[in-house]
Amino acid sequence: MTAEITVAAADTTESDGKIRCPWSEGSQLYRDYHDNEWGKPLHGDDAMFERMCLEAFQSGLAWITILRKRPAFRTAFAGFAIERVAAFGDDDVARLLADPGIVRNRAKIEASIANARVAAALDIGLDELIWSFAPAARPRPRAIAEVPATTLESIALAKELKRRGFRFVGPTTAYALMQATGMVDDHLADCWV
């Protein structure tokens, strides 16, 4: 999970008796995301593009903000279909900047469109490119303090993405993407997932 969320020190037991990672407390959206998506292997170019965009939009914000706005993001960004977003023009940027359902940050909106164009022109699929940086499996962390914000692999992934022209995907965002898409398993050792 993004460093912004990983602040508690131990797992927690919810009313259903399941032990979860502590960042999933306090919100059904967080709990559902934790239980059903985060850390589970994700594949597909458009699916990977969505996660890349959402992680970039999250930068500087609480992840709950992105989860709440996710349905609106999907509508605004044509389901994150790479080819469709790559075709967005100035009118689309204006439309997105006027959409209160999403995070209206010009730099992040323009980066998402530019990233779609880069992804559409890749010599390999976005999914294959990102997964090529998956680290070797390691034991689950026992405490939040053991979860890194970056790794050598996320630094290398961010460097390669930047080299290819992607924007708003630094090492911390790249690591959050790795966590979100199951390239690494940072659920705590006692977590039921």
Inset, instruction - Give the intermediate values and the outcome of side chain to side chain contact (heavy atoms under 4.5 Å, CB included) for residues Arg106 and Leu96. - result: CA-CA 9 Å; Arg106 179 181 290 277; Leu96 294 166; over 6 Å; no
Legend entry - Gap separating the OG atom of Ser24 from the CG atom of Asp35, nearest 0.5 angstrom: 6.5 Å
Legend entry - Close aromatic pair by centroid cut-off 6.0 Å: Trp63 and Tyr33: yes
Inset, instruction - Please report the shortest heavy-atom distance between Ala158 and Pro171, naming the atom on each side. - result: CB-N, 3.5 Å
Inset, instruction - Decide if atom CG of Asn36 counts as having more than 12 heavy atoms of other residues, nucleotides or ligands within a radius under 6.0 Å. - result: yes
Inset, instruction - Could I get the full list of salt bridge (charged side-chain N to carboxylate O under 4.0 Å, His left out) partners for Glu153, not counting sequence neighbours? - result: none
Inset, instruction - Would you mind reporting whether Leu126 and Leu122 have side-chain heavy atoms less than 4.5 Å apart? - result: yes
Legend entry - Met183 vs Trp131 side-chain heavy atoms within contact, under 4.5 Å: yes
Inset, instruction - State whether the side chain of Arg140 and the backbone N or O of Asp185 hold a donor-acceptor pair below 3.5 Å, judged by distance alone. - result: no
Inset, instruction - Taking the six-membered ring of Phe57 (Phe, Tyr or Trp), confirm whether the NZ or CZ of Arg70 is under 6.0 Å from its centre and within 45° of its axis. - result: no
Legend entry - Closest heavy-atom pair and its distance - Leu29, Ile64: CB-CD1, 3.8 Å
Legend entry - Within one Ile-Leu-Val-Met-Phe-Trp-Tyr cluster: Leu188 and Val193, side-chain cutoff 4.5 Å: no
Inset, instruction - Measure centre to centre between the rings of Trp38 and Trp23, then say whether the value is under 6.0 Å. - result: yes
Legend entry - side chain to side chain contact (heavy atoms under 4.5 Å, CB included) between His187 and His34, worked out: CA-CA 9 Å; His187 284 282; His34 169 273; 3.1 Å; yes
Inset, instruction - Quick one: pull up OG1 in Thr151 and OH in Tyr175 and give me the separation to the nearest 0.5 Å. - result: 6.0 Å
Legend entry - Distance, nearest 0.5 Å, that separates CD of Glu37 from CG of Leu67: 8.0 Å
Inset, instruction - Find out if a path of hydrophobic residues (ILVMFWY) with successive side-chain heavy-atom gaps under 4.5 Å connects Met178 to Ile155. - result: no
Legend entry - Over all atoms of both residues, closest heavy-atom pair of Gly101 and Ala72: O-CB, 3.2 Å
Inset, instruction - Can you measure from OH (Tyr30) to CD (Glu25) and round to the nearest 0.5 angstrom? - result: 11.5 Å
Inset, instruction - Would you mind reporting whether Asp186 and Pro141 have side-chain heavy atoms less than 4.5 Å apart? - result: yes
Legend entry - Derivation and outcome, side chain to side chain contact (heavy atoms under 4.5 Å, CB included), residues Asp190 and Arg142: CA-CA 7 Å; Asp190 294 335; Arg142 299 219 45 86; 3.7 Å; yes
Legend entry - Heavy-atom check, side chain of Thr181 versus side chain of Pro41, under 4.5 Å: no
Legend entry - Interatomic spacing from CG in Leu161 to CD1 in Ile130 - rounded to 0.5 Å: 6.0 Å
Inset, instruction - Please report the shortest heavy-atom distance between Ile144 and Pro22, naming the atom on each side. - result: CG1-CG, 3.8 Å
Inset, instruction - Let me see the working for Arg163 and Glu160 under salt bridge (Lys or Arg N to Asp or Glu O under 4.0 Å), right down to the final yes or no. - result: CA-CA 5 Å; Arg163 184 188 74 76; Glu160 178 62 15; 2.7 Å; yes
Inset, instruction - Test side chain to side chain contact (heavy atoms under 4.5 Å, CB included) on Phe168 and Glu55 and set out the steps. - result: CA-CA 9 Å; Phe168 268 94; Glu55 292 295 344; over 6 Å; no
Inset, instruction - State, with a plain yes or no, whether a side-chain heavy atom of Phe166 is found less than 4.5 Å away from one of Leu157. - result: no
Legend entry - Cluster link Ile82 to Val93, ILVMFWY, side chain under 4.5 Å: yes
Inset, instruction - Report yes or no: do Leu61 and Leu97 belong to one cluster of Ile/Leu/Val/Met/Phe/Trp/Tyr joined by side chain heavy-atom distances under 4.5 Å? - result: yes
Inset, instruction - Considering non-hydrogen atoms only, spot the tightest contact between Gly44 and Asp127 and give its length. - result: N-OD2, 2.8 Å
Inset, instruction - Return yes if some donor-acceptor pair links the side-chain N/O of Asp46 with the main-chain N/O of Ala81 below 3.5 Å, else return no. - result: no
Inset, instruction - Taking Lys18 for its side chain and Cys191 for its backbone only, find out whether a donor-acceptor pair lies under 3.5 Å. - result: no
Inset, instruction - Answer yes if Leu42 and Ile66 sit in the same cluster of Ile, Leu, Val, Met, Phe, Trp and Tyr residues linked by side chain heavy atoms under 4.5 Å apart, and no otherwise. - result: no
Legend entry - Donor-acceptor under 3.5 Å (Arg117 side chain, Phe88 main chain): yes
Legend entry - Ring centres under 6.0 angstrom apart (Phe80, Phe77): yes
Legend entry - Between CD on residue Gln58 and OG1 on residue Thr173, distance to nearest 0.5 Å: 7.5 Å
Legend entry - Minimum heavy-atom distance Met52-Asn115, with the two atoms named: SD-ND2, 4.3 Å
Inset, instruction - Please test Arg138 against Glu146 for salt bridge (Lys or Arg N to Asp or Glu O under 4.0 Å), starting from the C-alpha separation and ending with a verdict. - result: CA-CA 12 Å; Arg138 64 176 196 261; Glu146 296 176 16; over 6 Å; no
Inset, instruction - Walk me through it: do Arg164 and Asp123 pass the test salt bridge (Lys or Arg N to Asp or Glu O under 4.0 Å)? - result: CA-CA 11 Å; Arg164 289 177 177 261; Asp123 53 345; 3.0 Å; yes
